[in-house]
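Numbered from 1 within each chain, the chains take letters A, B, ... in sequence-line order. What you see below is based on every heavy atom in this structure, not just the backbone, and it leaves out hydrogens, waters and symmetry mates. None of these values were measured; they are calculated from a predicted model.
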Amino acid sequence: MTLLTVSNLTKRYRRGGKAVAAVDDVSFHIDPGETLALAGPSGSGKSTIARLVMRLIEPDAGGVEFEGDDFLALRGAALRARRARLQMVFQDPLAAFNPRATVARVLDDPLRIHGIASRTERPHRIATLLERVGLTAGLAPRAIHEISGGQRQRVAIARAIATKPSLIVLDEAVSALDVSVRGQILELLLDLQRQEQIAYLFISHDLGVVRAVAHRVILLDAGRIAESGDARAVIDAPRSAIGKALVAAAPRLHTKRDAG
Amino acid sequence: MSMLAAIRGLSVTYRRDGSEVAAVRGISLDVVAGERLAIIGESGSGKSTLALAIAGLLPASARVEGSIAWSWPSSDAQAPPSVLPDISPARGEVALTYPLSPVNNAAEDRPTAKLPISPLAGEMSGRTERGVTERRPSAIGEAEPPLLGRDIGYVFQDPSSSLDPVMTVGKQIAEVARTHLGLSWPQAFAKASILLERVRLTDPASVLHAFPHQLSGGQKQRVAIAAAIAAGPKLLIADEATSALDTIVQAEIVTLIRQLVAEDGMTLLFISHDIALAAELAERIAVFRHGQLVELGVTAQIVDAPTQAYTRTLLDAHIGLDAASLLNRAGLHA
């Protein structure tokens with residue numbers, strides 16, 4: 001069964017009196033437990049698609065079907081309930097959270113709002129969530145601004161999985177991390193995917209990372225799908241102009257092994 | 001190989017929440033004139049603090065120890081070597097050491113400067129020099145320490161915050177040329193127009209009259225580079241200058257920096273968190289961690305035969321287009 005189906009999605013913005021299509025007739029699907037990457041240059045529509053799928057903004061045309069329902073038609077309590085199954089992790093968790101909130105508070109909110117655990121159960125749930133993402137329960141009373149960037153992104157992932165989602169939108173979620181931390185976070189995401197069959201809509205400008213973690217990729221150019229397919233097949237031999245440009249621009253470590 | 005800057009025992013300490021944090025600890029490093037040197041490291045490695053210290057841009061509250069000795073390859077202040085006491089015979093050039101506040105120092109010690117002093121000098125005159133080990137050669141009156149904007153061009157990560165949002169692009173570039181080259185406004189605007197062509201902006205005539213918000217991120221960074229090189233600096237510092245840009249624009253900006261540095265014979269200090277990007281551009285790479293210099297070597301040695309485990313860690317953490325899939329490792333079907 002398909003988890004998410006996006007059909008002919010279109011979003012236009014007005015700029016200087018002219019309508020500019022940020023997302024232009026985009027269709028794709030994601031299966032349970034699958035990672036679909038959206039890659040493309042700045043302004044190609046990656047983040048707009050993420051926001052449309054999350055219903056943070058409304059499309060001008062097109063449909064989003066999630067877990068068998070017309071996601072765009074859901075209202076009120078039904079929408080709130082379904083939102084628990086669709087979570088998002090942003091590039092900068094410091095901007096996504098109240099910096100003065102504690103780690104415990106950040107994780108308590110979704111558990112409370114979605115009625116997942118009672119007040120007495122929640123401290124235990126929070127400790128379990130922290131351990132799931134490789135943090136110690138002792139971190140719970142710390143403020144968001146006090147912990148490191150890598151720890152913060154782990155908290156963001158813990159918050160996302162708190163509501164047992166089937167799909168997490170990762171919008172450049174590892175782009176701002178130090179490389180040594182980035183690898184650990186990617187491993188964590190893949191562990192969670194393996195254990196809980198979570199699907200990811202993985203938005204990134206980094207084709208190396210996309211190739212390493214995504215099953216399929218969609219390359220976007222000016223709001224349209226330029227190319228799509230198996231992530232490694234597409235990136236190893238791009239056919240579209242934007243695919244070739246993205247691959248050519250990716251920094252490479254030229255080692256002696258490559259030369260000889 | 002002549003030296004542009006000899007950094008010795010440089011430490012920078014910030015005061016934060018009542019406690020002192022050493023951002024850079026005991027760095028000794030030579031910057032060779034005309035080289036492309038990359039400073040790489042993760043967050044908190046001290047790479048940007050080093051760049052700010054070299055440029056004289058540290059906040060007044062920073063405590064600085066150590067010295068930077070400069071040797072400008074050619075200068076209008078250059079005197080015959082024989083009459084100057086502080087000569088490095090090996091290099092045959094004027095060497096001068098000055099406290100790590102070049103802008104402030106310039107304002108105090110160059111009353112006879114031939115060029116107008118940057119408005120920056122006034123703004124930064126409150127800069128502290130506490131803790132600085134001073135070793136002032138007597139020649140300092142004749143030879144000028146480097147001046148940010150004129151001798152050192154600095155390109156920051158975010159052009160949206162480094163450019164003035166309410167001043168046209170042309171005026172911002174012209175201002176640099178006027179301040180440091182003593183040009184009239186019409187001359188400075190003509191220079192700005194040429195610079196916009198040099199940074200390969202399409203339609204430079206209209207960009208000249210544009211405001212930063214009317215430009216894309218890549219175009220803004222080209223403008224910031226044009227302003228940085230407007231006075232013909234000997235040293236260009238690019239501090240994560242491509243990190244906020246997408247991969248395609250990043251590659252274009254790196255190509256541009258490489259071209260400009262070669263055309264103008266500038267020395268490049270390329271500050272980056274990306275070892276692969278640094279390796280594509282730099283001739284030498286200095287690896288920083290926790291405020292210390294871990295390893296310094298020519299690019300091929302750093303990439304192919306790093307001597308330090310941390311450098312190896314950074315190389316291994318790079319996920320290139322040829323990296324093994326992480327899906328298999330995680331037991332997922334690729």
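Chain B forms the most heavy-atom pairs under 4.5 Å with one residue out of A:L246, A:I235, A:D236, and that residue is A:L246. The candidate from A:P251, A:A249, A:A231, A:A250 with the greatest count of non-hydrogen atom pairs under 4.5 Å with chain B is A:P251. With chain A as partner, the option from B:S216, B:A279, B:A323 having the largest number of non-hydrogen pairs under 4.5 angstrom is B:A323. Top candidate by heavy-atom pairs under 4.5 Å with chain B, chosen from A:A248, A:G183, A:S175, A:A245, is A:A245.
Among B:T311, B:I302, B:L37, the single residue meeting the side-chain contact (heavy atoms from CB on, under 4.5 Å) criterion with B:I285 is B:I302.
Residues B:G218 and B:I253 approach most closely at O-CD1, 3.9 Å, considering heavy atoms.
For CZ of A:R12, the number of neighbouring non-hydrogen atoms (other residues, nucleotides, ligands) closer than 6.0 Å is 12 at most.
For chain A, no part of B:L281 is nearby; none of its heavy atoms comes within less than 4.5 Å. For chain B, the nearby part of A:L186 is the side chain; its heavy atoms alone come within less than 4.5 Å. Contacts of A:L207 with chain B are made by both backbone and side-chain atoms, with heavy-atom separations under 4.5 Å. Using a 4.5 Å cut-off between heavy atoms, A:V210 does not touch chain B at all. A:R216 does not touch chain B: none of its heavy atoms, backbone or side chain, sits under 4.5 Å away. Of the atoms belonging to B:D316, not a single heavy atom falls under 4.5 Å from chain A.
Inspection of the B:E20 and B:T13 side chains reveals no N or O donor paired with an N or O acceptor under 3.5 Å. Inspection of the B:E295 and B:Q301 side chains reveals an N or O donor paired with an N or O acceptor under 3.5 Å. With no hydrogens or angles considered, no side-chain donor-acceptor pair links A:Q151 and A:R142 at under 3.5 Å. In summary, the side chains of B:Q308 and B:R289 do not present any donor paired with an acceptor at a separation below 3.5 Å, with no hydrogens or angles considered.
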